[in-house]
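All values derive from a computational prediction rather than experimental measurement. Letters A, B, ... mirror the listed sequences (proteins, then strands); counts begin at 1.
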Amino acid sequence: MSFPVIKGTGYILVHTPDIMHHHGTTQSQERAAHPDSDYLKALTDHTRTYEEVVAYAPNQTYIGSLHPEKLRDIPMPWYANPVEKAERVGALGEIMPQDEFYGLMKMSDVFDLVKLEDEFLATVKTKLEAHPLFKDDVDKLGTGDTEEEIHRFVKDHHADPIFHEGHLVGCVKRAHDVDVSLTAHIIFENLVSKASGMLAMKHLVDKSGIDVSTIDYVIECSEEACGDMNQRGGGNFAKAIAEAAGAINATGSDLRGFCAAPTHALIEAAALVKAGVYENVVVVAGGATAKLGMNGKDHVKKDMPLLEDVLGGFAVLVSGNDGVNPIIRTDLVGRHTVATGSSPQAVITSLITAPLDKGGLKITDVDKYSVEMQNPDVTKPAGAGDVPEANYKMIAALGVKRGEMERAELPAFVTKHGMPGWAPTQGHIPSGIPYVGYAQQDLTTGSQNRAMIVGKGSLFLGRMTNLFDGVSVMLERNSGEVETPGAGVSKKEIKEMIVEAMKDVAAEMMKE
Amino acid sequence: MLILLGAAEAESAGLAAETVTNGDPTFAGPLAGVQLGLKVYHAVEPEFKDNVDADVYDEQIGMMEMVLEVDSIIEEMSSIREQFCKY
């Protein structure tokens, strides 16, 4: 059987301190309820500089400059142990500063809703002219507006302010006067998602070397909804991002599933390629404005920096088997079904061991499990523990229960088959997908043979069901054998199948 | 009546246990200052484990029993019961 492959990836972060201060829900709710609170006063003192964000080890891991195994060697807390000579650009993407990102938001806006102040826009333009991926797009920045006009839009016309270094430098206007689905707040969040998704896709195209015009389909899997009051989640970020990234021969659609969406999207992309519907499918997602500074109160209380100061984005290219890149085993997929139940044991069984059993594999046959890769530097001080580690312990415990390993081997399993978490707590961003970029290396030039990508999602947050969700899929080193398309099944294989079927029938009859 | 908890670590189990015995220690919910003094156990405690079907227990909780720090959970739960349980 010929399986689709992971042909390329792109991983980006955007440092967004002012968006965190003003648009992250923890901060905006606090501002609405207690405008003079000590927490709001403490924000600036706990905010990192761009240089600190670039030198932050988990961020270097996210963009492909520090392998997860090496991240483990850096003592925690990671914010106190910066990476020396850290750079903005890594093998998988980059960490973009806020001002340039505002430029990207303006480029992504085709309805003239993003307004940037003249002087600020000029600075951004100069910077983007020097950016290898955007130097040809600077015309899309259009023209700027005066400071007075921007103040007027914010004060009198319900625009959402854009701040940089604490100063008002622009705004996002509402897209309709009465439509609650097109408020400035929603347009702001959606443009952030679109622009960061575009940045990730641009990096994917750049790093993979694919001709962007050969991309057939885009599946977008963030957690935002775009539409108007008559179709609040009508869509479609996917095609908007495809357009912005120059994928002129692509269409696409949005897939939602809370944090599980990226893994759902990866499986569906693989299915579309395997079925021969499309040759090149991109899975993409931008970042979540609302989650910036989500655990900020705990971080300030513990007198540490606000670590949730970056947006995350990623893009993965799924293509037909090239005999080189890791294959996506569409036959080894795990699903948390409606009837699975919510006990951790039932969840891990459905997502981890069910697909392993299909392939006749043991828990220890998978070299690396990519689970919810949340950065423990962020989650532990907020009382949420070390999320990936807890997942690895559960997988190991199930291995012990299945008699595939000894209980004493549990801690060693966590190290050998697990990884430290490095992804920002952006919901869909940490979920399974952060390792796909490294997996492409580890399963080709590296020494590993199998990785399992596991995505989980808290559906109950949407109040439509009490259920939780999850899916998983296996990535495997390519054997190098590629089936010729259209060759079909050989006579020998048909004969073998008939013999097998006859044997099964005989066995059944014997039982009766 | 008894309350059965499934919290993932001792501290959060203790908080929940205290809420249904001595009242909500965070004073955030409807049980703030309400001392119900109810019997409260964690699913990994022997008082519960020994009273249920061993196969069902193993199927539903066996894995987590291996992952959780059972001793510290038992210690925390026992301490709360000794201090505040009325039944």
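For A:E406, the CD atom is loosely surrounded, since the number of other residues' heavy atoms within 6.0 Å does not exceed 12. Summarising the local packing, CZ of A:F460 is surrounded by more than 12 heavy atoms from other residues, nucleotides or ligands at distances under 6.0 Å. Remark: A:K302 NZ is packed, more than 12 non-hydrogen atoms of other residues, nucleotides or ligands lying under 6.0 Å away. Around atom CD of B:E11, no more than 12 heavy atoms belonging to other residues, nucleotides or ligands sit under 6.0 Å away. Counting non-hydrogen atoms of other residues, nucleotides and ligands closer than 6.0 Å to CZ of A:R402 gives a total above 12. Heavy-atom neighbours of A:K416 NZ from other residues, nucleotides or ligands within 6.0 Å: at or below the threshold of 12.
Using a 4.5 Å heavy-atom cut-off against chain A, the contacting residues of residues 49-79 of chain B are B:D58, B:E59, B:Q60, B:I61, B:G62, B:M63, B:M64, B:E65, B:M66, B:V67.
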